[in-house]
Number of protein chains: 2
Amino acid sequence: MSDLLERLRGRGWRMTAQRRVVAEVLDGDHVHLTADEVHARAADKLPEISRATVYNTLGELVSLGEILEVSTDHRAKRYDPNAHRPHHHLVCARCGAIRDVHPTGNPLTSLPDSERFGFTVEGVEVTYRGVCPSCAAA
Amino acid sequence: MSDLLERLRGRGWRMTAQRRVVAEVLDGDHVHLTADEVHARAADKLPEISRATVYNTLGELVSLGEILEVSTDHRAKRYDPNAHRPHHHLVCARCGAIRDVHPTGNPLTSLPDSERFGFTVEGVEVTYRGVCPSCAAA
DNA sequence: TCCTACAATGGACTCTGTCTAAGTCAAGTA
DNA sequence: TACTTGACTTAGACAGAGTCCATTGTAGGA
């Protein structure tokens, strides 16, 4: 956390109250907030923060590789502070809850050359879908 | 194709000119059109078709399991008529070209119980990202 | 042919996200 | 500490994708 702020400052990132609260909101495991949710939480601490600033800051954190953009549904993008350990996502089809997961093996190797159509394959995203325990109980 | 129309009629789907042209537009391999593209192509054959009708029809075809919704970028959803053979997608990071691919193995088995958080896992989507031959050459 | 329930229409509306012009301020300099 | 400047923030307009709804049209059964 303050690690994050230190790293950013070290990279010459100009520190402002707005950027600090956005970075603070994005902390923890299994955190996957939409831009609007980030804005709402940031506004709790800094009421006058604008939507544009939140979007700008999120965009910069993504460019810096400090957070990841995730889109598990077909709606708003979500932002995942867990950018330093590779992982995939498990999503509840009913409530949208998201967990970070670490499958075994390397999914990249499962795509044979004959299925690559001449592409240079650089990455892979895996999204597991199912029903979470709370929704299954309900 | 007319298979599709036959199947739909057999399910009691009321056939209209609009539904027919939407179904006709969605035919072929490696077809991944946005709703707007479907609308544009449908309008070539039936100029007065409305956007709302295209959205309604696409939504119904998805519910019926005849086409798949795909979102490989964070923009518009795309519709994939290849719903009857399981497959995943390979996407060019530069131009957005999409190919249907068939990885080896079953990606579902790569998620150990300890990483399932009590979820009932039902499906998995895999999106490979890379650079297509034309973009690599350019 | 007539009826009626279902489908299509178009326009307003919502939700996400981007852009811009003007004002503000962090941090380096003296 | 005060000054300066370019980067940051703001509010609001704008744009793209998709949904909703009241009205109009029509497929297909009687």
Side-chain angles (χ1 to χ4, degrees), chain A residues 5-6 8-26 32-64 66-80 96, chain B residues 5-6 8-26 32-64 66-80 96:
Chain A
L5 294 178
E6 275 317 304
L8 293 171
R9 199 187 290 274
R11 295 208 203 185
W13 212 52
R14 184 161 150 186
M15 190 52 58
T16 67
Q18 290 83 350
R19 289 173 166 197
R20 189 177 358 260
V21 299
V22 169
E24 282 170 3
V25 163
L26 287 166
H32 306 89
L33 299 172
T34 64
D36 252 23
E37 288 165 350
V38 172
H39 179 243
R41 298 192 186 195
D44 286 344
K45 303 181 179 185
L46 192 66
E48 58 285 348
I49 192 171
S50 79
R51 271 183 353 116
T53 297
V54 170
Y55 276 105
N56 289 340
T57 305
L58 290 172
E60 283 165 28
L61 290 171
V62 170
S63 302
L64 292 169
E66 295 291 347
I67 64 176
L68 297 175
E69 242 176 42
V70 179
S71 66
T72 54
D73 55 17
H74 304 270
R75 309 207 148 207
K77 295 179 202 169
R78 294 180 172 273
Y79 293 90
D80 182 344
Chain B
L5 293 179
E6 275 317 304
L8 293 171
R9 199 186 291 273
R11 295 210 203 184
W13 209 53
R14 182 161 150 185
M15 190 52 60
T16 67
Q18 290 83 350
R19 289 174 166 198
R20 189 178 358 260
V21 299
V22 169
E24 283 171 2
V25 163
L26 287 164
H32 306 90
L33 299 172
T34 63
D36 252 24
E37 288 164 350
V38 171
H39 178 243
R41 297 190 188 196
D44 285 345
K45 303 181 180 186
L46 193 64
E48 58 285 350
I49 193 171
S50 80
R51 273 184 352 115
T53 297
V54 170
Y55 277 105
N56 290 341
T57 305
L58 290 172
E60 283 166 29
L61 289 172
V62 170
S63 303
L64 292 169
E66 294 292 347
I67 64 175
L68 297 175
E69 241 176 43
V70 179
S71 67
T72 54
D73 55 18
H74 303 270
R75 312 210 145 203
K77 296 178 203 168
R78 292 179 174 274
Y79 294 89
D80 183 344

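These values consider heavy atoms only, across backbone and side chains, with no hydrogens, waters or symmetry-generated copies. Convention: sequence-line order gives letters A, B, ...; per-chain numbering from 1.
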S.K.: How long is the line joining CZ of B:Arg11 and C1' of D:dG28, in whole Å?
M.R.: 20 Å
S.K.: Could you check how far CG of A:Leu5 sits from P of C:dA26, rounded to whole Å?
M.R.: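 Taking CG of A:Leu5 and P of C:dA26, I get 15 Å after rounding.
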S.K.: Does the base of C:dG17 carry an N or O that pairs as donor and acceptor with the side chain of A:Arg51 under 3.5 Å?
M.R.: yes
S.K.: Report the nucleotide, chosen from D:dT10, C:dT9, C:dT16, that has the shortest atom-to-atom distance to any side-chain atom of A:Glu48.
M.R.: D:dT10
S.K.: For a quick test of reading the model: is some side-chain N or O of A:Thr16 closer than 4.0 Å to OP1 or OP2 of C:dC25?
M.R.: no
S.K.: Without decimals, in angstroms, what is the distance between A:Leu8 CG and C:dA26 C1'?
M.R.: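 Roughly 16 Å, once rounded to whole Å.
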S.K.: Hey, is B:Glu37 close enough to B:Arg78 for a salt bridge, meaning N to O under 4.0 Å?
M.R.: yes
S.K.: How close or far is atom C1' of C:dG17 from atom CD of A:Glu69, stated in whole angstroms?
M.R.: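 After rounding, the reported distance stands at 11 Å.
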S.K.: Please determine, for the side chain of A:Ala35, which listed nucleotide (D:dT9, C:dG17, C:dA8) has the closest atom?
M.R.: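 Nearest listed nucleotide: C:dG17.
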S.K.: B:Arg19 has an atom CZ; how far is it from atom P of D:dT26, in whole Å?
M.R.: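 Spelled out: CZ on B:Arg19 to P on D:dT26 is 15 Å.
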S.K.: Whole angstroms only, please: what is the CG-P distance between A:Leu46 and C:dC25?
M.R.: 11 Å
S.K.: Is the shortest side-chain heavy-atom distance between B:Leu33 and B:Arg41 below 4.5 Å?
M.R.: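 Contact flag for B:Leu33/B:Arg41 side chains = yes.
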S.K.: State, with a plain yes or no, whether a side-chain heavy atom of A:Tyr79 is found less than 4.5 Å away from one of A:Leu26.
M.R.: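 The answer is yes, as the side chains (C-beta and beyond) meet within the 4.5 Å cut-off.
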S.K.: Do the charged groups of B:Glu6 and B:Arg11 touch, with an N to O distance under 4.0 Å?
M.R.: no
S.K.: Quick one: is A:Arg75 getting a side-chain N or O under 4.0 Å of the C:dT16 phosphate, OP1 or OP2?
M.R.: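 A:Arg75 to C:dT16 OP1/OP2: no side-chain N or O under 4.0 Å.
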S.K.: Taking atom types as they are modelled, is there a donor-acceptor pair under 3.5 Å from the base of C:dC25 to the side chain of A:Arg14?
M.R.: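 Indeed, a donor on one side and an acceptor on the other fall under 3.5 Å apart.
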S.K.: Please report, rounded to the nearest Å, how far the C1' atom of C:dC15 is from the CG atom of A:Asp73.
M.R.: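 Going from CG in A:Asp73 over to C1' in C:dC15 covers 12 Å.
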S.K.: Between B:Arg9 and A:Ala52, which has a closest nucleotide on DNA chain D that is more 5'?
M.R.: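 Closer to the 5' end of DNA chain D: A:Ala52.
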S.K.: It should be established whether A:Tyr55 places a side-chain nitrogen or oxygen under 4.0 Å from OP1 or OP2 of nucleotide C:dG17.
M.R.: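 Affirmative; the distance criterion is met.
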S.K.: Between B:His74 and B:Thr53, name the one whose nearest nucleotide on DNA chain C is closer to the 5' end.
M.R.: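 Comparing both residues, the 5'-ward one is B:Thr53.
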S.K.: Output the rounded distance in Å from CG (B:Leu58) to P (D:dT19).
M.R.: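 Atom-to-atom, B:Leu58 to D:dT19, this comes out as 10 Å.
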S.K.: OP1 or OP2 of C:dC25 versus the side-chain N and O atoms of A:Gln18: is any pair under 4.0 Å?
M.R.: no
S.K.: Heavy-atom distance under 4.5 Å between the side chains of B:Val38 and B:Tyr55, does that happen here?
M.R.: no
